[in-house]
Participant: 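Structure in structure tokens, see below.
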Amino acid sequence: MVRFLTRSSSAGLLCVLAAGCGPGPRDEATQGPPLLPSAPASASEDDPCGASALSALLQRTDSPQIRASVAQFAGGDPVRWVRPGRAVTTDYVPERLNIVLDDANRIVALRCG
């Protein structure tokens with residue numbers, strides 16, 4: 001009987017420990033990208049690249065998952081990731097999505113051009 005009591009206690013302790021190690025609130029760095037529309041709803045003169053549909057990305061940290069979601073969203077249209085201090089061309093390509101990052105690698109602006 002003592003042997004079973006020990007096993008039961010051990011099993012109960014393992015359950016408690018496993019619950020403490022389970023998924024909990026995740027910080028921004030470990031979260032997956034938000035659900036993005038598969039493509040811009042409709043191109044407009046003011047938003048030819050669909051940047052307004054990606055506002056959920058603002059203040060998110062750049063990650064491979066976010067880049068993959070953005071690439072899928074953009075389809076074949078160009079996407080330019082702009083980092084602080086990096087030179088960019090001044091040509092205007094209306095369908096190009098410019099994603100501007102800050103020093104902490106967070107998305108701070110989404111623009112067409």
Side-chain angles (χ1 to χ4, degrees):
M1 183 74 166
V2 172
R3 190 180 312 173
F4 293 117
L5 180 61
T6 305
R7 287 184 183 167
S8 296
S9 298
S10 297
L13 180 60
L14 286 175
C15 288
V16 170
L17 290 174
C21 297
R26 300 185 313 178
D27 65 8
E28 182 180 348
T30 61
Q31 285 182 343
L35 294 176
L36 299 178
S38 58
S42 61
S44 69
E45 195 172 302
D46 294 334
D47 190 21
C49 68
S52 61
L54 300 176
S55 62
L57 294 178
L58 290 171
Q59 297 304 313
R60 296 292 305 263
T61 302
D62 181 23
S63 71
Q65 294 83 10
I66 287 178
R67 286 184 181 241
S69 293
V70 168
Q72 181 179 0
F73 171 83
D77 290 337
V79 177
R80 177 166 59 180
W81 295 81
V82 182
R83 299 188 178 281
R86 305 276 311 266
V88 293
T89 61
T90 58
D91 61 326
Y92 182 76
V93 179
E95 21 332 289
R96 177 174 52 209
L97 174 62
N98 291 299
I99 301 176
V100 182
L101 303 170
D102 67 5
D103 290 327
N105 219 24
R106 285 186 310 255
I107 299 170
V108 294
L110 302 158
R111 299 186 191 115
C112 297

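On a predicted model such as this, the values are computed, not experimentally measured, just so you know.
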Participant: What residues form a side chain to side chain contact (heavy atoms under 4.5 Å, CB included) with Val88, not counting sequence neighbours?
Facilitator: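 Applying side chain to side chain contact (heavy atoms under 4.5 Å, CB included) to Val88 gives Arg80, Val82.
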Participant: At what distance, to the nearest 0.5 angstrom, does CH2 of Trp81 lie from CG of Leu97?
Facilitator: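 Going from the CH2 atom of Trp81 to the CG atom of Leu97 covers 8.0 Å.
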Participant: Sequence neighbours left out, what pairs pass salt bridge (Lys or Arg N to Asp or Glu O under 4.0 Å) with at least one residue falling in residues 61-70?
Facilitator: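 Applying salt bridge (Lys or Arg N to Asp or Glu O under 4.0 Å) to every pair that reaches into residues 61-70, excluding sequence neighbours, yields Asp62-Arg67, Asp62-Arg83.
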Participant: How would you list, by chain and number, every residue that makes a side chain to side chain contact (heavy atoms under 4.5 Å, CB included) with Ala104, sequence neighbours excluded?
Facilitator: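 With neighbours one apart ignored, the set is Asp102, Arg106.
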Participant: Going by the rule side chain to side chain contact (heavy atoms under 4.5 Å, CB included), which residues pair with Asp46 if we only count those two or more places apart in sequence or in a different chain?
Facilitator: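 Counting only residues at least two positions away or on another chain, Asp46 forms a side chain to side chain contact (heavy atoms under 4.5 Å, CB included) with Ser44.
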Participant: Quick check: closest heavy atoms across Ala56 and Arg60, and the distance to 0.1 Å?
Facilitator: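 Nearest heavy atoms, Ala56 then Arg60: O-CG, 3.6 Å.
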Participant: Could you walk me through whether Val108 and Leu58 pass the side-chain contact (heavy atoms from CB on, under 4.5 Å) test, one step at a time?
Facilitator: CA-CA 6 Å; Val108 294; Leu58 290 171; 5.8 Å; no
Participant: Which pairs pass disulfide (SG to SG under 2.5 Å) with one or both residues in residues 70-113, sequence neighbours excluded?
Facilitator: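 Found Cys49-Cys112.
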Participant: Of the non-hydrogen atoms in Asp47 and Ala51, which two are nearest, and what is the gap between them?
Facilitator: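 Shortest heavy-atom separation between Asp47 and Ala51 comes out as OD1-N, 2.9 Å.
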Participant: For a quick check under 3.5 Å, do Thr61 and Asn105 share a side-chain donor-acceptor pair by atom type?
Facilitator: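 Short answer, no.
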Participant: What residues, two or more places apart in sequence or in another chain, satisfy side chain to side chain contact (heavy atoms under 4.5 Å, CB included) together with Ala109?
Facilitator: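 Side chain to side chain contact (heavy atoms under 4.5 Å, CB included) check on Ala109 returns Val100, Arg111.
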Participant: Show every disulfide (SG to SG under 2.5 Å) that has at least one partner inside residues 53-87, sequence neighbours left out.
Facilitator: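 Disulfide (SG to SG under 2.5 Å) check on residues 53-87 returns no pairs.
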Participant: Please report the interatomic distance CG(Leu110) to CG(Asn98), rounded to the nearest 0.5 Å.
Facilitator: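 The CG atom of Leu110 sits 9.5 Å away from the CG atom of Asn98.
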Participant: Is the closest side-chain heavy-atom distance between Leu57 and Val70 below 4.5 Å?
Facilitator: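 Yes, side chains in contact.
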Participant: Who pairs with Asp91 by salt bridge (charged side-chain N to carboxylate O under 4.0 Å, His left out), at least two apart in sequence or on another chain?
Facilitator: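 Asp91: salt bridge (charged side-chain N to carboxylate O under 4.0 Å, His left out) contacts with Arg96.
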Participant: Show every disulfide (SG to SG under 2.5 Å) that has at least one partner inside residues 51-87, sequence neighbours left out.
Facilitator: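 Counting only pairs at least two positions apart or across chains, no disulfide (SG to SG under 2.5 Å) contact touches residues 51-87.
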Participant: Who clusters with Tyr92? Use side-chain heavy atoms, under 4.5 angstrom, across I, L, V, M, F, W and Y, and order the result by chain and number.
Facilitator: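 In the cluster with Tyr92 there is nothing else; it is isolated.
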Participant: Hydrophobic clusters join Ile, Leu, Val, Met, Phe, Trp and Tyr when side-chain heavy atoms are under 4.5 Å apart, directly or via other members; which others share one with Val93?
Facilitator: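 The other cluster members (ILVMFWY side chains, heavy atoms under 4.5 Å, direct or chained): none.
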